[in-house]
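These notes concern the structure reproduced below.
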2 protein chains.
Amino acid sequence: MTSATKTPNATREHILHAASRLMTLKGYHSTSLDDVLRASGVGKGNFYYYFKSKEELGYAMLDRIILGFVERTLEPCFSDGTVAPLDRVRCFFDRVLEAQRQRNCVGGCPMGNLASELSDVHEGFRQRLAEIFTRWRARLTDALAEAQAQESLGPECDPAVLAYFLVAGLEGAILLTKVTKDIQIMEACVGELKAHLLLYTRGPR
Amino acid sequence: MTSATKTPNATREHILHAASRLMTLKGYHSTSLDDVLRASGVGKGNFYYYFKSKEELGYAMLDRIILGFVERTLEPCFSDGTVAPLDRVRCFFDRVLEAQRQRNCVGGCPMGNLASELSDVHEGFRQRLAEIFTRWRARLTDALAEAQAQESLGPECDPAVLAYFLVAGLEGAILLTKVTKDIQIMEACVGELKAHLLLYTRGPR
DNA sequence: CTGTCTGTACCAACTAGTCGGTACATAACT
DNA sequence: AGTTATGTACCGACTAGTTGGTACAGACAG
């Protein structure tokens with residue numbers, strides 16, 4: 001074995017990696033345990049050593065997806081306080097658009113997909129997913145509120161409401177892009193979302 | 001024969017009715033044939049007399065869903081030419097919101113759900129779903145273009161692009177409402193969508 | 001009798017999950 | 001030292017139940 005195999009439980013990681021990939025592509029129900037096992041090269045007994053059920057694997061995979069989304073997409077845009085708050089939001093739009101372009105309109109939004117598949121069918125997943133969207137929206141709300149405090153957003157705007165709408169707009173755009181396989185729709189929607197910000201914009205735009 | 005409906009093949013209708021209900025709630029893959037059979041009280045042999053596969057049932061169910069959506073939601077708003085075009089659009093928003101309220105945030109958008117579940121996994125369904133969204137958007141585009149011709153929408157607005165965005169906004173709003181089970185989010189998003197129209201609105205609003 | 005329907009029995013493939021058993025490293029006891 | 005025990009990591013056959021789909025015999029009309 002190579003010296004680099006210091007990894008504490010590489011097997012668990014293998015499983016999670018394969019599961020995330022498959023489930024974000026095919027969904028939770030349509031990804032069988034055997035699919036995951038085949039893709040990760042792990043035996044069944046070994047799987048049940050690390051996870052007590054498929055459900056628990058699902059939860060772990062969800063945590064992994066969230067982490068990836070937060071680290072790769074959300075934080076890079078919102079962590080830099082020197083950037084103007086509305087520009088942080090715009091940066092985020094562009095990043096989501098770019099991600100969609102890179103994936104060739106395949107896969108859609110992992111969180112949106114799971115939300116659509118499981119919200120009405122599995123309360124545990126629903127709650128976790130709702131929490132994710134809330135956290136996501138909170139990041140946007142904060143930036144919008146900051147913009148409002150700086151008077152680059154009008155006082156008639158409710159940052160929380162606007163944040164909901166922006167999340168919804170992005171999710172819907174991703175879905176439409178996924179089903180039509182046409183990235184231009186994503187571009188159009190991001191353009192409209194940016195224009196929507198102008199609706200409340202005061203001062204230099 | 002009764003004057004109203006002769007019930008040409010009631011069994012087929014029973015199956016379709018049960019299938020639509022179950023599949024819009026639980027999704028295509030998670031609805032088994034036995035589920036449909038149990039719910040409709042139809043035997044298996046009988047089922048395969050009317051449908052040659054589950055896939056074909058899915059297509060038929062999709063057609064049924066579309067028809068219902070068009071007849072119950074789309075047409076009532078857009079068929080009346082005497083209503084101002086932008087009011088037709090607003091009426092449509094309200095109708096979608098109302099539908100969501102009546103269903104207690106359960107189920108989401110049948111077409112959106114199927115799009116999310118099947119777009120990357122079943123090309124046949126993807127194409128049909130893409131076509132639906134296109135037709136839906138076309139209805140909006142026409143109304144918006146008419147508004148533009150009447151100069152109640154500014155010339156800088158691209159009706160096709162705006163229509164995409166409105167569909168995306170609605171789909172995203174329904175998804176967010178489904179996962180959070182909070183109708184207020186739907187209301188907020190519809191409010192923002194209406195506000196978005198104002199962005200391009202000229203003349204008396 | 002003939003063609004349209006319908007129910008029952010059945011199939012192979014697949015599902016999540018369980019089982020007994022193995023390999024191996026570290027520790028504990030003598 | 002030697003050997004006995006313990007915990008971790010792993011395997012693949014197996015179970016019970018479900019999946020979509022088929023075969024076929026009977027019913028019921030014209």
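First the proteins, then the strands, lettered A, B, ... as listed; each starts at 1. The model shown is predicted, which means the values in this text are computed figures rather than measured ones.
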Quick one: is A:Y48 getting a side-chain N or O under 4.0 Å of the C:dG17 phosphate, OP1 or OP2? yes
Relative to each other, are the rings of A:Y59 and A:F125 parallel, tilted or perpendicular (30° and 60° limits)? tilted
Length of the line joining A:I15:CD1 and D:dA9:P, which is rounded to integer Å: 12 Å
Check whether the side chains of A:T82 and A:D80 place a donor and an acceptor atom closer than 3.5 Å, and report yes or no. yes
Grab the N/O contacts between the protein and nucleotides 7-15 of chain C below 3.5 Å, and write none if there aren't any.
{"from": "C:dG7", "atom 1": "OP2", "to": "B:G43", "atom 2": "N", "distance (Å)": "3.2"}
{"from": "C:dT8", "atom 1": "O4", "to": "B:G45", "atom 2": "N", "distance (Å)": "3.2"}
{"from": "C:dT15", "atom 1": "OP1", "to": "A:S32", "atom 2": "OG", "distance (Å)": "3.4"}

Can A:N104 and A:K181 be counted as having a side-chain donor-acceptor contact under 3.5 angstrom? no
Value in whole Å for how far the P atom of C:dA16 lies from CE of A:M23: 8 Å
For atom CG of A:L57 and atom P of C:dA16, their distance in whole Å: 10 Å
Should B:Y49 be listed as having a side-chain N or O under 4.0 Å from OP1 or OP2 of C:dT6? no
D:dC10, OP1 or OP2 - any side-chain N/O from A:T11 closer than 4.0 Å? yes
Is atom CZ of B:R72 surrounded by more than 12 heavy atoms (other residues, nucleotides or ligands) closer than 6.0 Å? no
Does NE2 belonging to B:H14 count more than 12 external heavy atoms closer than 6.0 Å? no
Once you round it to whole Å, what is the distance between C1' of D:dG20 and CD of B:E55? 12 Å
Rounded to whole angstrom units, what separation is found between the CD atom of B:E56 and the P atom of D:dG21? 11 Å
Could you tell me whether A:K26 and A:D35 make a salt bridge, using a distance below 4.0 angstrom between a side-chain N and a carboxylate O? yes
